[in-house]
Amino acid sequence: MDSTGGGGERFPQWSVEETRDLLMLRAELEPTFMEKKRNKVLWQLISTNMKERGYNRTADQCKCKWKNLVTRYKGLETMEEEGMRQQFPFYNELQAIFTGRMQRMLWMEAEAIGGSSKKRLLSSDDDDDQDEEESDAIADKAAASKKKKKIAANNKDAAVVNLKEILEELMKQHMQIEMQWMKLYESKEEERRRRDMEWRQKMEALENDKIMFDRRWRDREQQTRIKEETRSEKRDALITILLNKLRPPQD
């Protein structure tokens, strides 16, 4: 993974967990990124959220890392999907982001199609009114106008049905993406709980080792003190015996 951020200066490498957190925060703000042309404030918000998670990353670093990930993801588009996942551990996260982006674009395009269809229908109605004013054959024009309105109504119904189908498909895909993100989030939470459990177990093992070490040290100290006291008593007794032997006998 890249170890550089904005400005060309070297920074600590991005861990897998840190990168996944960056992608999760970027995915949450994806709709806002699509709406706003100036996204400096959004990257600053991502940097702040990263710092709240314990990562010291600037907005430029986060933006640079995102661009590098996107470049690598697009470079793997010619490979098979399984090969992408093996070569790029963040394939699923980026695929979900770009799939959601495509769905939102289709949604907006569908809304635009619905609006233009309504505009065409209104324009068609205006043309019918103009034909009625210019036509000398009132009966023929009324029949033509009725036929045009019927066609316009059919077109409108077809456009509404088509738009409804598109929206239903978009909602279905949106739910699938939500489920994928939920699974990723649950997997991440499970991994975090597992690491916390392992860390607590290690800390408990270290604490137990420290207690045992202190206990053995105190036992050795006590044994050493007892030996020193025993040697001191024997030495004092030996000195007393020698002094008694060297002392001249008394009459």
message: Closer than 4.0 angstrom, basic N to acidic O: yes or no for Arg193 and Glu190?
response: yes
message: Taking Glu221 first and then Arg225, would you say they form a salt bridge - that is, a charged N and a carboxylate O separated by under 4.0 Å?
response: no
Derivation of the salt bridge (charged side-chain N to carboxylate O under 4.0 Å, His left out) call for Glu186 and Lys183: CA-CA 5 Å; Glu186 292 176 352; Lys183 289 180 180 179; over 6 Å; no
- request: Determine whether Lys63 and Asn39 make a side-chain contact, defined as any pair of heavy atoms from C-beta on separated by less than 4.5 Å.
  value: yes
field: Lys NZ or Arg CZ of Arg57 over Trp14 ring: under 6.0 Å, within 45°
entry: yes
message: Within a 6.0 Å radius of atom OH on Tyr185, are there more than 12 heavy atoms belonging to other residues, nucleotides or ligands?
response: no
query: Does the side chain of Gln180 come within less than 4.5 Å of Asn92's, by heavy atoms?
result: no
message: So Lys40 and Trp43, do their side chains get closer than 4.5 Å, heavy atoms only?
response: no
message: Working note: Arg200 + Asp196, criterion salt bridge (charged side-chain N to carboxylate O under 4.0 Å, His left out); need CA distance, chi angles, decisive distance, verdict.
response: CA-CA 6 Å; Arg200 285 195 294 269; Asp196 289 344; 5.0 Å; no
query: Which heavy atom of Leu29 sits nearest a heavy atom of Leu42, and at what distance?
result: CD1-O, 4.1 Å
query: Would you say the side chain of Trp107 lies within less than 4.5 Å of the side chain of His174, judging by non-hydrogen atoms?
result: no
Glu18 side chain near Arg53 side chain, heavy-atom distance below 4.5 Å: no
Check: Lys172 and Met175 side chains under 4.5 Å, non-hydrogen atoms: no
task: Would you please say whether a donor-acceptor pair under 3.5 Å links the side chains of Glu169 and Gln173?
output: yes
message: Using a 6.0 Å distance limit plus a 45 degree cone around the ring axis, check whether Arg72 lies over the aromatic ring of Phe88.
response: no
query: Are the aromatic rings of Phe90 and Tyr73 close, with centres under 6.0 Å apart?
result: no
task: Please name the pair of heavy atoms, one in Ala27 and one in Pro31, separated by the smallest distance, quoted to 0.1 Å.
output: O-CD, 4.0 Å
message: Let me confirm one number: the CD1-CE distance from Ile97 to Met24, rounded to the nearest 0.5 Å.
response: 10.0 Å
statement: Given the options Arg194, Lys202, Gln201, Arg195, Glu198 meets side chain to side chain donor-acceptor pair (under 3.5 Å) only with Arg194
message: I'd like to know if Asp219 and Arg215 make a salt bridge, using a cut-off of under 4.0 Å between side-chain N and carboxylate O.
response: no
task: Return yes if a side-chain donor-acceptor contact under 3.5 Å exists between Gln61 and Thr58, otherwise no.
output: yes
message: Let me check something: do Val41 and Ile46 share a hydrophobic cluster, defined by ILVMFWY side-chain heavy atoms less than 4.5 Å apart, either directly or through other members?
response: no
statement: Closest non-hydrogen contact found for Ser47 with Cys62 is CA-SG, 4.2 Å
query: Are any non-hydrogen side-chain atoms of Met105 and Met34 less than 4.5 angstrom apart?
result: yes
Other residues, nucleotides, ligands: >12 heavy atoms within 6.0 Å of Lys188 NZ: yes
query: Is there side-chain contact between Glu207 and Met203, with at least one heavy-atom pair below 4.5 Å?
result: no
message: Under a 3.5 Å distance rule, please check whether Thr71 uses its side chain to pair with a backbone N or O of Lys67 as donor and acceptor.
response: yes
statement: Shortest non-hydrogen pair, Ile177 vs Gln103, comes out as CD1-OE1, 3.4 Å
